Amino acid sequence: MMATTHVFVALAVVAPVASAVPEFAPALAAGAVLGGLAPDLDLIFEHRRTFHFPLLGGVATGAVLPAAAIVPSSLTVGIAAFVAAGWLHAASDALGGGPEMDPWTSPSDRAVYDHVRGQWISPRRWIRYDGAPEDAALAVSLAVPALLVFDGWVTTLVVAGIVVSLGYALVRRRVVAWLPDWLE
Ligand SMILES: [Zn+2]
């Protein structure tokens, strides 16, 4: 899935909370956006392994959610949104394709690393690859709750994210040819 899809998943999840408790909306949005992006920073280490916790992330989320509910503040709520968004990112990576740029010729059997069992989870390919038409459709539909609930910088970011997602999806199958060999 595209980075924007991960961010929109997280924003869609926190949107009802932000709607119910508007004073925490900025913290929820910031946590969701950063948490949706953060796991992929492991591109420079071992991608889909170093910062991806598809199971342990759920345990961490189970710990920070009650903490934020008991001691609600922008900081605790933002951290909870960040941890939950990072977990959803890692868990949903298992539902997409592998991290390869060129799934047509070299599909990978590694979606995301399960640190608990010490093995790779294989891709379900419900979303066949990042930037697939179904990925773009998912991204746009998941962006709707965020557009309805948030305003200000979040709206700007979401609109920009939709434009980038659609543009990327349009050229996705040609991107491979433009990349230097070492990136593939
Ligand atoms: Zn990822």
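Whatever order the structure lists them in is the order used to number ligands and atoms, beginning at 1. Predicted, not measured: the structure shown is a model, and the values here were computed from it.
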Using atom types as modelled, flag every donor-acceptor pair under 3.5 Å from a side chain in residues 19-32 to any protein atom, sequence neighbours excluded.
none

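- Between His52 and His47, the ring planes are perpendicular. Angles over 60° get that label, and only those under 30° would be called parallel.
- Remark: Arg117 engages Asp114 in a side-chain hydrogen bond (donor to acceptor under 3.5 Å, both in side chains) (not counting sequence neighbours).
- Residues Ala10 and Ala85 share a closest heavy-atom pair of CB-CB, 3.5 Å.
- Judged as a side chain to side chain donor-acceptor pair (under 3.5 Å), not a single pair has a partner in residues 149-159 (not counting sequence neighbours).
- Taking a cut-off of 2.8 Å, the protein N, O or S atoms nearer than that to the Zn ion (ligand 1) are Asp40 OD1, His52 NE2, His89 NE2, Asp93 OD2.
- A salt bridge links Arg125 with Glu100: the distance from a Lys NZ or Arg NE/NH1/NH2 to an Asp or Glu carboxylate oxygen falls below 4.0 Å.
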